[in-house]
Amino acid sequence: MQTTNHILMIRPVDFKFNEQTAGNNKFQIASTESDVQTLALKEFDGFVTLLREKGVDVTVIDDTLQPETPDSIFPNNWVSFHDDGSVFLYPMFSENRRLERRSEILDGLKEKFEVNHISDISFYEKQYAFLEGTGSMVLDRTNKIAYACLSVRTDEEVLNNFCLLTGYQHIAFQAVDNSNFPIYHTNVMMCIGDKFAVLCLDSIKNPEEKKQLALSVIDSGKEIIEISLEQMNHFAGNMLQVSNASNESLLVMSEQAFLSLKKEQISKLETFSRIIYAPLYTIEKNGGGSARCMLAEIHLPVK
């Protein structure tokens, strides 16, 4: 299935602007506020409460002060979980983000979920080649298609290896922001749902790549809902469809993303899912990621 009711989130203890990632993440803006961790923690806890109130099963793991991992709030980059019981660990661009891979997190999940195999492809870091999980790839899990905009954080060779190991096929392309700077993660410019896709097609300048992406989405039976570059800059592409305990479809996003949408876009999205959103302004500004980045979907079989 495309969606799951089980989500992993990492509660931050030292969230802050990460200098190591800022060079290629233009969504990051260094804050002048002195209490970034306090504000981010309030946003995080409010987000978890919202998800749980809506019937989503959220596993929260507390981060640790050591080692220093300012971006640990975004676990979907270092790990992904699949319905055959497999777990993938990914090669990360910045050195301090590599420290987010914690075996005790996986050990804890094994108490509730079946883990049959762990595929660790983080060795690509030694080759300076990266694939940052479901940030680099937006997965159509039903049709086994991995969509990926190539960047310094999304290497095509590593993408090919993931597809060989999983049986996925990939659609790769180049995507840029309104200043023609490469978009660092695919999940800021597109979201794949069960019956729809939110796409910033304006970010793809190559006509053939744009056509290939659109046709792939349409051929997989999904309706395209386009967003603009300006809406993408407000994290409107950084959404995730989940299901709750009643098997209701929910589309999760930040308040900033929701407020950037037009009425007709909201109306169309609401034909597929109930929209829920939370204020994540401090996390978005300093971390350069939004709601989707904070959610690592657990598709593992439940024991």
Side-chain angles (χ1 to χ4, degrees), residues 2 21-28 76-77 90-93 124 127-164 166-193 195-240 257 260-262 265 268-269 288-290 292-293:
Q2 181 64 25
T21 60
N24 52 50
N25 181 351
K26 295 305 178 183
F27 290 81
Q28 278 181 259
N76 79 309
N77 298 141
Y90 295 97
M92 305 286 284
F93 169 78
Y124 275 106
Q127 303 173 32
Y128 204 73
F130 313 108
L131 186 73
E132 296 190 335
T134 54
S136 288
M137 301 178 292
V138 173
L139 300 180
D140 180 342
R141 292 177 183 262
T142 305
N143 297 289
K144 304 202 83 169
I145 304 171
Y147 295 98
C149 69
L150 302 178
S151 70
V152 68
R153 301 207 203 175
T154 305
D155 182 90
E156 193 159 18
E157 179 185 343
V158 191
L159 176 64
N160 281 330
N161 192 10
F162 170 83
C163 290
L164 285 172
T166 58
Y168 274 71
Q169 60 173 309
H170 75 267
I171 303 291
F173 50 90
Q174 305 283 341
V176 296
D177 63 18
N178 47 13
S179 61
N180 286 321
F181 193 88
I183 293 173
Y184 80 109
H185 274 164
T186 314
N187 73 1
V188 298
M189 54 76 60
M190 69 179 292
C191 159
I192 292 290
K195 298 176 183 177
F196 67 94
V198 176
L199 302 179
C200 182
L201 289 174
D202 287 345
S203 68
I204 305 172
K205 302 306 180 185
N206 184 302
E208 286 303 312
E209 291 184 344
K210 183 183 298 189
K211 180 180 178 181
Q212 181 189 34
L213 172 59
L215 284 176
S216 176
V217 170
I218 293 169
D219 288 346
S220 66
K222 303 182 194 301
E223 182 173 344
I224 294 176
I225 300 166
E226 283 198 59
I227 58 171
S228 67
L229 285 165
E230 182 62 26
Q231 289 173 319
M232 180 192 74
N233 289 337
H234 290 282
F235 295 102
N238 201 241
M239 307 172 177
L240 182 67
S260 77
L261 296 174
K262 297 179 179 179
Q265 292 170 315
K268 176 58 69 175
L269 289 169
S290 187
R292 192 276 168 269
C293 303

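Nothing fancy with the numbering, it's 1 onward along the sequence.
In this structure, Asp177 contributes its side chain and Asn233 its backbone to no donor-acceptor pair below 3.5 Å. Under a 3.5 Å cut-off, the side chain of Gln212 and the backbone N or O of Ile171 do not form any donor-acceptor pair. No donor-acceptor pair closer than 3.5 Å links the side chain of Gln2 to the backbone N or O of Gly193. Not one N or O on the side chain of Asn77 forms a donor-acceptor pair closer than 3.5 Å with the backbone of Gly133. Counting only distance, with no hydrogens or angles, the side chain of Ser220 and the backbone of Val217 share a donor-acceptor pair below 3.5 Å. A donor-acceptor pair is defined here as one N or O able to donate and one able to accept, closer than 3.5 Å; such a pair exists between the side chain of Asn238 and the backbone of Ser290. Without hydrogens or angle criteria, Ser136 side chain to Arg153 main chain gives a donor-acceptor distance under 3.5 Å.
A 6.0 Å sphere centred on NZ of Lys210 holds more than 12 heavy atoms belonging to other residues, nucleotides or ligands. Heavy atoms of other residues, nucleotides or ligands lying less than 6.0 angstrom from NZ of Lys205 number more than 12.
Of the listed residues (Asn143, Ile145, Val138), just one forms a side chain to side chain contact (heavy atoms under 4.5 Å, CB included) with Ile192, and that residue is Val138.
Heavy atoms only, all atoms of each residue included: Glu209 and Ile204 are closest at CB-CG2, 4.0 Å. Scanning all heavy atoms of the two residues, the minimum distance from Ala129 to Pro91 falls at O-CB, 3.6 Å. Among all heavy-atom pairs drawn from Cys163 and Tyr168, the shortest one is CB-O, 3.1 Å. Listed here is the closest heavy atom pair of Ser260 and His234: CB-CB, 3.8 Å. A pairwise comparison of heavy atoms in Ala172 and Leu159 identifies CB-CD2, 4.2 Å as the closest pair. A pairwise comparison of heavy atoms in Ser203 and Met232 identifies CB-SD, 4.5 Å as the closest pair.
The distance from the CD1 atom of Ile227 to the NZ atom of Lys262 is 11.5 Å, given to the nearest 0.5 Å. Rounded to the nearest 0.5 Å, atoms CG (Leu199) and CE (Met189) are 6.5 Å apart. The OG1 atom of Thr154 sits 9.5 Å away from atom CZ of Phe173, with the distance rounded to the nearest 0.5 Å. The OH atom of Tyr90 sits 9.5 Å away from atom CG of Asn76, with the distance rounded to the nearest 0.5 Å. A distance of 10.5 Å separates SG in Cys293 from CD in Glu132, rounded to the nearest 0.5 Å. For the atom pair CZ (Arg292) and CG (Leu240), the distance works out to 4.5 Å, reported to the nearest 0.5 Å.
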Q: Determine, step by step, whether Glu156 and His170 satisfy the side-chain contact (heavy atoms from CB on, under 4.5 Å) criterion, reporting the C-alpha distance in whole Å, the side-chain angles of both residues, the deciding distance to 0.1 Å, and the verdict.
A: CA-CA 9 Å; Glu156 193 159 18; His170 75 267; 3.5 Å; yes
Q: Apply side-chain contact (heavy atoms from CB on, under 4.5 Å) to the pair Leu213 and Leu201, showing each step before the final yes or no.
A: CA-CA 9 Å; Leu213 172 59; Leu201 289 174; 4.0 Å; yes
Q.
Evaluate Asp140 against Lys222 for side-chain contact (heavy atoms from CB on, under 4.5 Å), listing each step before the verdict.
A. CA-CA 10 Å; Asp140 180 342; Lys222 303 182 194 301; 3.1 Å; yes
Q) Between Phe162 and Leu131, does a side-chain contact (heavy atoms from CB on, under 4.5 Å) hold up when you go through it step by step? A) CA-CA 9 Å; Phe162 170 83; Leu131 186 73; 4.0 Å; yes
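Ring planes of Phe93 and Phe130: perpendicular class, angle over 60° (limits at 30 and 60°).
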